[in-house]
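Accompanying notes for the structure given below.
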Amino acid sequence: MSQLIAQDAFFMARALQLAKNGHYTTKPNPRVGCVLVRNNIVLGEGWHARAGCAHAEVDALKKLHDVKGATAYVTLEPCSHHGRTPPCSDALIHAGVSRVVVAMQDPNPMVSGRGLEKLKNAGIEVICGILQEDAVNLNRGFIKRMTENKPFVRSKLAMSLDGRTAMASGESQWITSEQARVDVHKLRAESCALVTGINSVLADNPLFNARVDFDVVQPVRVVLDSELKMPLNARLHTVTGRCLILTCANQPEKAARLLDAGFEVYHCAEKNGRLDLHAVMTFLATQQINEVLVEAGSILNGAFLEEDLIDEMVIYMASAILGDQGRGLFHLPHLQKMSDRKIFKLRDARQIGPDLKLTLTRD
């Protein structure tokens, strides 16, 4: 029995590797891989490349003529419903596979387990839970959107050795190295949405896109603009893809001008005169946003942290000192006692060029 489990883990590891081929392109769908095996020989492989394209199981099956009696290793429960494509569970049944090994169930509570049940009812042996933790890590954002109706939130920060993000004057380009900036664009590329505040837009007039040398579905750009200060000629408007402005201001004429300029403007609930960040996250989930990358100043980062909305922080630390008059990472005026401190766990530390990249999570 242990030998069979080892074999299942081996082929599932390959399926997970295949799933990563769609790392930058499957949004808003999950990243899924599939391996078809018979007598310990790989017959075919597939992965989900892009929303609207074949799912991993179908991608693997379409390359083969005979898979009867084979085992299908799939990183996510085969779907049982009609979406843009037919159910993958039906495709596996019709192909004649005798066994399906799944890393994890579909996190959507409306459909979870139904694909597995359909396979079992067709007489197919089903095993679930092989390398589940790896599968969960691959689709953290999709899982959180399905189970909590909110996206996974990662905050990207760049700082000096003394924890400063800019000089007292506001000058900040560039704290970190070119290698770190290239790495940030990869973070952007894997995100469904990039979120910033209007103050950052007014100060830097950024393009705010993923500039990479591989195929990518560009993330949606989201600007939190409580008072609707967005300039009509902001460079955000010149980049291909959606740009959302979220506001709690009642300024229909300004909103109409921004709509005419090509922006999307949405009204969200307010809290203490500012956008309610919990409402913002719930709204982004309705837009099928799985993973959010926050790139903002200390005020907005502090607000996200205060509302316990940051799931992960990625901090690039440069070997430089900016001095005690420089600007800090987070504006947290209500944090006065040690008992109120925000605690994160260090998950990874690695060198990127001359800089140190730290990855921290809440738990």
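Every heavy atom of this structure was used, including side-chain atoms; hydrogens, water molecules and symmetry mates were not. Quick caveat: nothing in here was measured; it's all calculated off a predicted structure.
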Quick check against the 3.5 Å criterion: does Ser298 have a side-chain atom that pairs as donor or acceptor with the backbone of Leu329? no
Check the surroundings of atom CD in Gln251: do more than 12 heavy atoms from other residues, nucleotides or ligands lie under 6.0 Å from it? yes
Are there more than 12 heavy atoms of other residues, nucleotides or ligands under 6.0 Å from atom CG of Asn137? yes
Any donor-acceptor pair under 3.5 Å linking the side chain of Arg154 with the backbone of Leu293? no
Determine whether a donor-acceptor pair (N or O, by modelled atom type, separation under 3.5 Å) exists between the side chain of Arg341 and the backbone of Met338. yes
Going by atom types alone, do Thr25 and Asp215 pair a side-chain donor with an acceptor below 3.5 Å? no
Flag yes if more than 12 heavy atoms outside Phe10 fall under 6.0 Å of its CZ atom; otherwise flag no. no
Between Glu77 (side chain) and Gly113 (backbone), is there a donor-acceptor pair under 3.5 Å? yes
Would you compute the distance between atom CD of Gln218 and atom CZ of Arg242 and round it to the nearest 0.5 angstrom? 14.0 Å
Take the angle between the ring planes of His55 and His48 and call it parallel below 30°, perpendicular above 60°, tilted in between. perpendicular
Under a 3.5 Å cutoff, is there a donor and acceptor pairing between the side chains of Asn301 and Ser155? yes
Rounded to the nearest 0.5 Å, how far does CD1 of Ile352 lie from CD of Gln179? 9.0 Å
Taken to the nearest 0.5 Å, the spacing of Met146 CE from Asn108 CG works out to 5.0 Å
Answer yes or no: are there more than 12 heavy-atom neighbours, outside Lys63 itself, under 6.0 Å from its atom NZ? yes
Would you indicate whether Asn121, at its atom CG, is surrounded by more than 12 heavy atoms from other residues, nucleotides or ligands within a distance under 6.0 Å? yes
Taking atom types as modelled and ignoring hydrogens, do the side chains of Asn139 and Arg31 form a donor-acceptor contact shorter than 3.5 angstrom? no
